[in-house]
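Bear in mind the structure is a predicted one, so any value in this text is a computation, not a measurement. In what follows, every heavy atom counts, from backbone to side chain, and hydrogens, waters and symmetry copies are set aside. In each ligand, atom 1 is the first atom listed, and ligand 1 is the first ligand listed.
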Amino acid sequence: MISQKSISFQITIYDSFDELKNKDQILMSAAVKARERAYAPYSSFNVGASILLENGEIIEGNNQENASYPSGLCAERVAIFYAGARYPGMKIKAIAITAASLNHEVSEPAAPCGNCRQAISEYEFRQQEPIKILLMGEVGRIIECNSLADLLPLGFNSSFLN
Ligand code: THU
């Protein structure tokens, strides 16, 4: 028998930074600060990511590029690997991501790349609790996703290895 199924998910859209709840503004502001410290001399595309931990602490990361291009790493993975290294096993409540280019105005929310989705999903699957994702460009609307799993349907996780 053949069956078909559609997969959908809900997002919340905020017209601007000012519409965010205060604690999300604080998290996104940390991502903006991190973005401003990005090392992206090759793409001129600066990304910042901030992570809210269960203990209330905010961990930041930004993209770190390399003359050997593939050796660089995205902001999200710099941040989440740092969180995992600094606070192993600590639950992650939310991640805010923002991008700005030196060449044009980024007015649409910056979506995490596939590798970063997979990396974040490892932590979400491990903690068995959703991680909220906030996405912003340099200006403009902000998209809130309820979980990483929404952004990576039919994802691969450790359950396949057992
Ligand atoms: N980048 C990120 O930091 N996060 C993403 O999710 C997408 C891309 C970085 C990688 C590279 O340094 C630059 O943006 C251009 O691709």
Side-chain angles (χ1 to χ4, degrees), residues 7-14 16-17 20 24-53 57-87 90-127 129-158:
I7 300 173
S8 67
F9 68 100
Q10 257 205 325
I11 57 172
T12 307
I13 300 165
Y14 302 89
S16 72
F17 177 87
L20 288 178
D24 289 337
Q25 285 190 354
I26 291 169
L27 188 63
M28 188 55 86
S29 297
V32 170
K33 285 216 177 83
R35 188 190 78 203
E36 288 166 356
R37 297 190 300 266
Y39 176 62
Y42 305 106
S43 71
S44 300
F45 192 75
N46 297 329
V47 185
S50 58
I51 292 179
L52 176 65
L53 299 172
E57 202 164 318
I58 292 176
I59 296 283
E60 292 158 19
N62 46 36
N63 51 333
Q64 296 294 316
E65 296 189 348
N66 194 283
S68 172
Y69 292 2
S71 299
L73 199 62
C74 293
E76 296 90 326
R77 275 176 287 164
V78 170
I80 204 152
F81 291 158
Y82 178 53
R86 179 75 181 81
Y87 295 105
M90 174 91 65
K91 281 187 180 164
I92 293 168
K93 306 298 278 184
I95 302 183
I97 303 161
T98 173
S101 170
L102 301 184
N103 302 324
H104 64 277
E105 189 171 69
V106 180
S107 56
E108 271 300 300
C113 78
N115 279 314
C116 287
R117 291 177 199 212
Q118 182 66 32
I120 298 167
S121 85
E122 178 78 20
Y123 294 81
E124 186 174 87
F125 186 76
R126 183 176 162 201
Q127 70 182 30
E129 232 175 75
I131 297 173
K132 184 169 93 173
I133 321 271
L134 287 165
L135 309 172
M136 186 177 85
E138 190 179 358
V139 294
R141 66 189 185 130
I142 292 159
I143 293 180
E144 179 183 305
C145 306
N146 299 321
S147 82
L148 190 283
D150 286 345
L151 296 179
L152 195 62
L154 306 179
F156 182 79
N157 58 52
S158 59

- Electrostatic pair K33-E60, nearest N-O below 4.0 angstrom: no
- Message: Less than 4.0 angstrom from a charged side-chain N to a carboxylate O is my criterion; do E129 and K93 meet it?
- Response: yes
Backbone of [Y] reached by a side-chain donor or acceptor of [X] within 3.5 Å:
X    : Y    : answer
N63  : F45  : yes
Q127 : I92  : yes
E65  : Y42  : yes
R77  : A119 : no

- So which protein residues pack against ligand 1 under 4.0 Å, heavy atoms counted? S43, F45, V47, N63, E65, C74, A75, E76, A111, P112, C113
